[in-house]
A.B. asks: 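Okay, here's the structure, questions in a sec.
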Amino acid sequence: MPDLPTRVAGRHFLQIPGPTPVPDRIQRAMHSAVIDHRGPEFQALARRVLSGIKAIFKTSGPVIIFPASGTAAWEAALVNTLSPGDRVLMYETGHFAALWHKMALKLGLAPTYITSDWRSGADPEAIETALRADSEHKIKAVCVVHNETSTGALSRIDEIRKAIDAARHPALFFVDTISSLGSAEYQHEAWGVDVTVAGSQKGLMLPPGLSFNAVSPKAIAASKSARLPRSYLGWDEMLAANEKGFFPYTPATTLLYGLDAAIAMLQEEGLDNVFARHQRHAEATRRAVTAWGLDILCRDPKYYSPILTGVITPEGHDADVLRKTALESFDISLGMGLGKVAGRVFRIGHLGDTNDLTIIGALAGVEMSLRLAGVPHQAGGVDAAMGWLAECRERRLKLAAE
Ligand SMILES: *Cc1c(COP(=O)(O)O)cnc(C)c1O
């Protein structure tokens, strides 16, 4: 007789940096009958989400929603605004930046690539230097990943905007916020971003399947003369249909119901509170990692990610063995090392619908797994995290009493 899997009690701990656990309220919102996507009920839903999502990007301009994963929104940013052979400046923060670079090459663009050791955020000075060197303004766009999900480094988009301005360079500015939208402070309009790329399955707490382009007037103007071929991902037909509350093809209706609920939940908690919660859980995680005596992949505290923490395992200890131990012993999924840090790094996601006890439970799972997998470490990581979270709570209670 084949081995039947035994039931595992309780909820799985999906502690990877996306997809993230979908809250019950969003799950229920998606459990709706599919409706006519050309009828008035859909039109009301589309108008509500197309308008509500703007506040999440902090923009007054249009946000385009594709029924596709985040990767399609990367492609849409490039093909709608650029022409074959155009030069683009890209910054290698980690694996996701490397994939965007690879896509640019496949699309026939000519990227100038600033490489790095994957242990920090994008350096505004290096970007300024590269732009100043381009006196003929051949570079048409600067592409940066806001939160590099493969490493746990959050780049300073406001500072990069200043660097582009300081170089007096007219390039478009594209930012990937696939894992940071709804989990870290982000301002599409105030930071002068031309295309913001995002996805549904990380900070927005939805299943995978939706992706976004928030677009500036300058990006829309560029799209009128851009010559890269595009069809499904073309902005023009999408914007024209969205004006009337519709889509040029069948939208992912049930995911849009979920998005409606996600926007409401983020607003009810308050975006600033959501971001502060992510910072608290990130600090709790870093305190645990430090107490264990392990190294955080991001070496510069200025770029520490509020979204996930990449942890380096000691030489000779495979991070994937640790992850396997954690999954088999405690039903917790941890993020694997991607690309050039495969096997050397595991990632603890602390984004989305996470509370103090979820993160403590996750850290307890890691601490016990370190022991079971024989990874050298000191005990006391969870204690350090609990101390920090209790301290934060005390501080907030004191503030509220004043
Ligand atoms: C997840 C992620 C991607 C890839 O998105 P898909 O939805 O898997 O296509 C790209 N960039 C970043 C920063 C991500 O976190």
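Values below: all heavy atoms of this structure, side chains included; hydrogens, waters and symmetry mates excluded. When a ligand or atom number is given, it counts from 1 through the structure's own listing order.
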A.B. asks: Quick check on contacts: which atoms of ligand 1 are under 4.0 angstrom from a heavy atom of Asn147?
C.D. replies: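 Selected atoms, number and element: 13 (C).
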A.B. asks: Among all protein heavy atoms in this structure, tell me which lies nearest to atom 11 (N) of ligand 1, with the distance rounded to 0.1 Å.
C.D. replies: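 Protein heavy atom with the smallest distance to atom 11 (N) of ligand 1: Asp176 OD2, 2.7 Å.
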A.B. asks: Among protein heavy atoms, which sits nearest to atom 8 (O) of ligand 1, and what does the distance come to when rounded to 0.1 Å?
C.D. replies: Gln201 NE2, 4.0 Å
A.B. asks: For His146, which part has a heavy atom under 4.0 Å from ligand 1: side chain, backbone, both, or neither?
C.D. replies: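 Neither; no heavy atom under 4.0 Å.
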A.B. asks: Mark up the atoms of ligand 1 that fall under 4.0 Å of a heavy atom belonging to Ser69, in ascending order.
C.D. replies: 6 (P), 7 (O), 9 (O)
A.B. asks: With a cut-off of 4.0 Å, which atoms of ligand 1 are near a heavy atom of Thr149?
C.D. replies: 12 (C), 13 (C), 14 (C), 15 (O)
A.B. asks: Does Tyr232 have its ring centroid less than 6.0 Å away from the ring centroid of Tyr249?
C.D. replies: yes
A.B. asks: If the threshold is 4.0 Å, N to carboxylate O, is there a salt bridge linking Arg230 and Glu75?
C.D. replies: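 Answer for the salt bridge query: no.
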A.B. asks: Can you tell whether the side chains of Arg371 and Glu367 come within less than 4.0 Å, N to carboxylate O?
C.D. replies: no
A.B. asks: Taking distance alone, with no angle check, do Lys202 and ligand 1 share an N/O pair under 3.5 Å?
C.D. replies: yes
A.B. asks: Answer with yes or no whether the side chains of Trp118 and Glu148 bring together a donor and an acceptor at under 3.5 Å.
C.D. replies: no
A.B. asks: Is a salt bridge present between Glu328 and Lys324, judged by a nitrogen-to-oxygen distance below 4.0 Å?
C.D. replies: yes
A.B. asks: Hey, does Trp74 come in under 3.5 Å of ligand 1, counting only N/O atoms on both sides?
C.D. replies: no
A.B. asks: Cation-pi check, Lys202 to Phe96: give yes when NZ or CZ is under 6.0 Å from the six-membered ring centre and within 45° of the ring axis, no otherwise.
C.D. replies: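 Flagged: Lys202 positioned over aromatic ring of Phe96.
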A.B. asks: Only heavy atoms of Ser179, strictly under 4.0 Å: list the atoms of ligand 1 that pass.
C.D. replies: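 This gives 15 (O) as the contact atoms.
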A.B. asks: State plainly whether the residues Asp24 and Arg11 are in salt-bridge range, i.e. N to O under 4.0 Å.
C.D. replies: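 Result for this pair is yes, salt bridge flagged.
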A.B. asks: What I want to know is whether Val145 and ligand 1 share at least one N or O pair that is separated by under 3.5 angstrom.
C.D. replies: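 N/O-N/O distance below 3.5 Å does not exist for this pair.
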A.B. asks: Which residue holds the protein heavy atom closest to atom 4 (C) of ligand 1, what is that atom called, and what is the gap in Å?
C.D. replies: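 Sorting protein heavy atoms by distance from atom 4 (C) of ligand 1 puts Phe96 CE2, 3.8 Å first.
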A.B. asks: For this output row, return yes or no: ring centroids of Tyr186 and Trp191 closer than 6.0 angstrom.
C.D. replies: yes
